[in-house]
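Everything below concerns the one structure shown next.
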Amino acid sequence: MENAKTESDPKFISIEGIARRYPAPGGGSTTIFEDLWLPVQRGEFVCIIGHSGCGKTSVLNILAGLEEPSDGVVVVDGQAISGPSLDRAVIFQGHALLPWKSVIGNVGYAVSSRWRKAGRAEVEERARRFIDLVGLKGNELKRPAELSGGMRQRVGIARALSIEPKILLMDEPFSALDALTRGTLQDEVRRICKSTGQTVVMITHDVDEAIYLADKIVLMTNGPEAMIAEVVENPLPMERARDSIHREENYYAVRNHLVDFLVSRSRTFKAEMPAGYDRRHPPVVRLGCPPEAAPAPANTIPFPAIASARD
Amino acid sequence: MKSLGVRAGLLSVLLFVAFCALWQVAVTPSASSGPALDPEYAKLMGIATQGAKSAMPGPLDVAGKLWDNLKRPFYDNGPNDKGLGLQLLYSIGRVFIGYGLAVLVAVPIGFLIGMSPLAYRALDPFIQVLKPISPLAWMPLALYTIKDSSLSAIFVIFICSVWPMLINTAFGVGAVRKEWLNVARTLEVGPWRRAFTVILPAAAPTILTGMRISIGIAWLVIVAAEMLVGGTGIGYFVWNEWNNLSIANVIVGILLIGVVGMALDLILARLQKRVTFPE
């Protein structure tokens with residue numbers, strides 16, 4: 001039923017059979033992943049979760065056009081992508097601000113790249129608007145070195161949003177931040193993306209981050225030869241708040257499901273491949289009516305809190 | 001307690017005074033040294049016998065000569081008698097032309113070399129061989145081909161300034177962080193705009209380091225080059241005063257070479273500070 005529903009929707013982003021291979025020492029090649037298929041709808045917030053080495057950053061870089069897939073193609077809005085584009089903004093893990101430019105210089109650089117003919121005043125006005133949006137008003141003239149880690153990442157977000165991309169791509173954008181800052185930034189990103197209907201693909205290794213932000217959570221098995229095990233539809237209501245999310249029905253069901261996957265199934269999935277598994281249509285899981293064995297009973301506190309604690 | 005700066009300044013002054021005092025004592029003729037000159041020889045040379053004075057000037061003589069020179073820096077009484085300011089201007093002019101040409105050549109070429117790992121590898125052996133050659137070794141070749149001593153001096157400045165700038169520019173451009181380049185790529189920034197808005201500012205501190213090394217070498221080399229080619233310039237001044245046996249003037253020349261070298265370095269240091277960014 002679920003598959004049928006996804007199929008009928010337009011595939012705004014369609015990852016079609018992409019592969020990533022590296023030449024292995026001593027001839028041959030190592031396959032990080034191959035024959036990967038994934039559709040993403042317009043306005044959807046998708047998180048990709050997996051252990052280090054499963055190639056999730058490669059998937060994002062291919063989506064961004066920064067890397068070429070060894071095989072396969074990515075179609076965005078009906079067009080196969082070839083190289084980077086202003087339609088797809090990237091928020092980098094290490095903020096990647098230009099340290100010799102001020103905050104407004106960094107955002108303005110993106111704005112003037114998007115609208116080449118825009119006047120200086122126009123560029124500045126637009127940059128200011130997005131600096132406001134991420135709550136950095138009053139810091140326009142500071143250099144990145146004068147900002148805290150969280151503020152720098154806010155500038156990175158402002159820069160990415162300022163070019164009004166069709167798709168926002170995020171590579172573990174909050175992993176270098178402390179827990180408190182991470183929380184506020186997640187709130188901001190969720191608020192902004194929901195209010196603008198932004199299509200987002202985000203890489204993370206933080207289960208809670210994925211549950212809070214994502215509409216769909218893509219689970220990748222361990223590399224090499226990683227694959228998409230399943231796509232979990234987030235059962236939580238659209239109106240969710242960070243401080244009460246753990247009281248939502250199904251919260252523990254989905255959380256346990258994700259943690260179970262990262263702890264064991266990401267390793268064993270390939271050996272115990274479910275019957276009828278089709279790489280082109282990775283199974284869509286809606287919790288509450290799980291297709292497989294029931295997850296751990298609700299209301300137990302799962303362990304560990306953050307999957308990335310072990311690799 | 002006074003600040004460190006004030007104390008350091010006081011100590012500097014004290015050291016300077018002590019040095020001058022020692023110097024003065026060292027050149028003052030002592031009574032015990034006996035008759036310094038054979039009276040016959042002195043008569044022949046037209047020097048007074050009494051108060052045999054060392055040829056080495058004391059600090060006061062040098063200060064006096066310095067004052068004389070500073071009073072009339074730009075007089076010109078023909079080829080062998082020009083004001084010190086004029087001589088310095090000749091030297092600085094040569095350095096600026098040779099060094100300026102080197103900047104114009106080294107920075108763009110270094111940029112291209114830095115962008116292409118292939119070019120970097122291919123040209124590296126040539127640069128490594130050419131770099132350690134003493135610039136004065138080029139002088140005969142320059143004189144033979146250019147047939148003009150003044151231009152040859154400029155060429156020598158050029159050739160000694162070019163290598164540190166070339167190497168540093170290529171290195172700085174090649175070492176631009178990949179994430180900054182990726183930012184430019186995702187923003188679809190064209191190659192020219194990328195070169196000027198991302199690569200150049202990112203490599204600027206390294207390029208300026210090369211420029212600073214070069215200006216130091218150029219100033220060292222111009223003195224020697226001018227001693228060789230003669231005519232004008234501070235190097236020629238020093239050599240000429242040695243021929244005149246005016247040690248006081250030689251010392252004045254040495255002092256000014258140091259001061260101008262320091263000023264050139266300060267200018268480049270200031271520029272370097274301006275393009276350096278904290279991360």
Side-chain angles (χ1 to χ4, degrees), chain A residues 57 60-68 81-102 105-116 123 142-147 149 152 155-156 159-171 173 176, chain B residues 103 107-108 110-111 114-118 121 165 168-212 267-279:
Chain A
T57 294
L60 195 91
N61 283 344
I62 289 169
L63 278 172
L66 292 170
E67 275 182 39
E68 290 240 335
I81 65 168
S82 57
S85 156
L86 283 157
D87 288 339
R88 283 166 272 126
V90 186
I91 297 177
F92 297 90
Q93 188 174 2
H95 69 76
L97 299 178
L98 306 179
W100 55 88
K101 282 183 188 290
S102 62
N106 268 286
V107 180
Y109 186 64
V111 174
S112 59
S113 301
R114 179 78 170 81
W115 292 278
R116 305 243 158 109
V123 169
K142 287 192 182 153
R143 299 277 183 101
E146 300 169 72
L147 303 176
R152 286 181 207 170
V155 181
R159 177 173 65 184
L161 292 172
S162 69
I163 59 174
E164 291 190 349
K166 286 183 186 166
I167 301 166
L168 188 60
L169 303 169
M170 296 194 261
D171 184 7
Chain B
V103 172
V107 173
F111 215 95
M115 300 273 273
S116 152
L118 177 69
R121 289 243 184 145
M165 285 194 272
N168 270 50
T169 306
F171 177 77
V173 168
V176 173
R177 289 249 286 276
K178 194 152 185 239
E179 53 179 58
W180 298 335
L181 296 175
N182 277 345
V183 167
R185 285 178 69 199
T186 56
L187 294 175
E188 292 187 60
V189 172
W192 283 101
R193 188 159 180 253
R194 186 181 61 203
F196 283 104
T197 57
V198 177
I199 299 172
L200 193 61
T206 324
I207 296 175
L208 259 293
T209 304
M211 290 175 70
R212 202 172 158 191
I267 294 170
L268 266 292
R270 192 65 63 79
L271 282 176
Q272 191 179 22
K273 206 172 161 197
R274 188 177 272 191
V275 299
T276 301
F277 47 84
E279 278 193 55

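Reminder, nothing fancy here: chain letters follow the sequence lines and each chain counts from 1. Predicted, not measured: the structure shown is a model, and the values here were computed from it.
Between Glu188(B) and Arg116(A), the shortest heavy-atom contact is O-NH2, 2.6 Å. Nearest heavy atom pair, residue Pro84(A) against residue Thr186(B), reads CB-CA, 3.8 Å. Taking each heavy atom of Arg193(B) and Ser113(A) in turn, the nearest pair found is NH1-OG, 2.9 Å. Scanning both residues, Tyr109(A) and Val198(B), for their nearest heavy atoms gives OH-CG2, 3.4 Å.
A 6.0 Å sphere centred on CZ of Phe277(B) holds more than 12 heavy atoms belonging to other residues, nucleotides or ligands. Few gaps surround CD on Glu179(B); more than 12 heavy atoms of other groups in view lie less than 6.0 Å from it.
Neither the backbone nor the side chain of Leu169(A) comes within less than 4.5 Å of any heavy atom of chain B. If you measure heavy-atom distances from Ala204(B) to chain A, you find no contacts under 4.5 Å at all. For Ile163(A), the part sitting under 4.5 Å from any heavy atom of chain B is the side chain, from C-beta outward, and nothing else.
By the 4.5 Å heavy-atom criterion applied to side chains, Val183(B) and Phe92(A) are counted as neighbours.
Judged by distance alone, the side chain of Trp100(A) and the main-chain N or O of Thr276(B) form no donor-acceptor pair under 3.5 Å.
In terms of non-hydrogen atom pairs under 4.5 Å with chain B, the most contact-rich of Ala110(A), Ala145(A), Pro99(A) is Pro99(A).
With sequence neighbours excluded, the residues that form a side chain to side chain donor-acceptor pair (under 3.5 Å) with Thr209(B) are Gln272(B).
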